[in-house]
Amino acid sequence: MHELSIALNLLDVAAEEAERRNIKSVEAVHIKLGPLSGVVKSALISAYDLAREHSPFPDSRLVVEDVPIVIYCEPCAAEQPAASIQQLVCPVCHTPSGKIVMGREMELTALEIADSEIEP
Amino acid sequence: MNTQTRLVQVRTKILKQNDVLARGLRQRFARDGVTVVSLVSSPGAGKTALLEALLGRLRDEFRVAALVGDLATDNDARRLARAEVPTKQITTGTVCHLEADMVAEALEGWNTGELDFLFIENVGNLVCPATWDLGEQLRLVLFSVTEGEDKPLKYPTIFNTADVAVITKADLADAVEFDADAANRSLQSVRPGIETLKVSAKTGEGMGALLQRLRALRGGGKQWAE
């Protein structure tokens, strides 16, 4: 299970971003996860619950936004959602495409903080 | 108590630290003129056997070395050392994959400028290694004829991060009634356009084509980390 390594990396990156913005307390950490990231969402959430205890945000939640796999289809000259992770095929013209536009994401997107954290 | 919350937008890659290190490694390898090839596969697909065969054939022509990742033993590194090229074991303990910092640490004391090829054998695992960029120029994913033609469909992500699929243990294909067409359909479904080679480290079948592919790589470049 590599999700624990990823959770630890995530908390490091989140702590760094919070420090840069002078944020003391984080309610939730929001991430984007693509199916081609190789990360199992449920395993990452469990790993996060373990890893957060030794982080600056021991009570924080992990909020995961799933993103779809999008490929670029040459014949359609357009971005199209892939049929599935096992079929990187255009749903319109059925041409396979290895050009992945979206789906590998593993990104910290936002820190959710209490309003009281915001200085007037 | 005010329970209102708000979102502070940030946009940072979770594996930023690894990606930065991997980019640094890739720059170093390019500067030193060493071609770095990594191997990923399930346990037992034949990474070490293929590496033994490759090192044995390349060492007369090039300066080659290998790093070998394993959870606990150094059996593979000892096997590869018999090819009489520099090898080093990376013992990962409980970690099921290699990360860029492990590669950087293993290379301490090595002058990569004195090498033409460096091979990195990842831990045998078709899930975890997919996520980590090691600064390699080419990633080979191995898949043996004994594993079932649908292996790529079961582990699409690792096949998706690889540049070349190497079907191994070709000498056993007939015995296990390996269906090459079905395997190719699985591969092309999860990674359209992926280059595929079929080899047997034991009989040497297909090794010539793989060696040609590696020779052609020298001088090329791969941009993986952003």
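Residue numbering restarts at 1 for every chain, and letters A, B, ... go by the order of the sequence lines.
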*Could you give all pairs that pass the salt bridge (Lys or Arg N to Asp or Glu O under 4.0 Å) test and reach residues 67-85 of chain A, with sequence neighbours left out?*
A/E74-A/K99

*Side chain from CB out, backbone as N, CA, C, O: work out which of these in A/I71 comes under 4.5 Å of a heavy atom of chain B, or both, or neither.*
neither

_Partner chain A: residue of B/T94, B/N18, B/N125, B/L153 with the largest heavy-atom pair count (under 4.5 Å)_ = B/L153

_Top contributor to chain A contacts, counting heavy-atom pairs under 4.5 Å, from B/I158, B/L15, B/I194_ = B/L15

Distance-only donor-acceptor pairs under 3.5 Å for side chains of residues 2-13 of chain A, two or more places apart:
| residue | atom | partner | partner atom | Å |
| --- | --- | --- | --- | --- |
| A/H2 | NE2 | A/G38 | O | 2.9 |
| A/H2 | NE2 | B/T131 | OG1 | 3.4 |
| A/E3 | OE2 | A/V40 | N | 2.9 |
| A/N9 | ND2 | A/S5 | O | 2.8 |

*Nearest 0.5 Å please: distance from the CG atom of B/L138 over to the OG atom of B/S38.*
7.5 Å

*Among side-chain atoms of A/E112 and A/H30, is any donor-acceptor pair under 3.5 angstrom?*
yes

*Evaluate side-chain contact (heavy atoms from CB on, under 4.5 Å) for A/I85 paired with B/V190, printing each intermediate quantity in order.*
CA-CA 7 Å; A/I85 191 171; B/V190 299; over 6 Å; no

_Portion of A/E17 that has a non-hydrogen atom of chain B nearer than 4.5 angstrom_ = side chain

_Just verifying a value: how many Å separate B/L210 CG and B/R215 CZ, rounded to the nearest 0.5 Å?_
10.0 Å

*Is it the backbone or the side chain of A/T109 that comes under 4.5 Å from a heavy atom of chain B, or both, or neither?*
both

*Output yes when a side-chain donor or acceptor of A/S97 lies under 3.5 Å from a complementary backbone atom of A/Y72, and no otherwise.*
yes

*Could you name the residues of residues 86-94 of chain A that have a heavy atom within less than 4.5 Å of a heavy atom in chain B?*
A/Q86, A/Q87, A/L88

*Under 4.5 Å from a heavy atom of chain A, the part of B/Q17 involved*: side chain

*Find the distance between OG1 (B/T92) and CE (B/M102) and round it off to the nearest 0.5 Å.*
6.0 Å

*So which pairs with a foot in residues 176-198 of chain B pass salt bridge (Lys or Arg N to Asp or Glu O under 4.0 Å), sequence neighbours left out?*
B/E195-B/R213

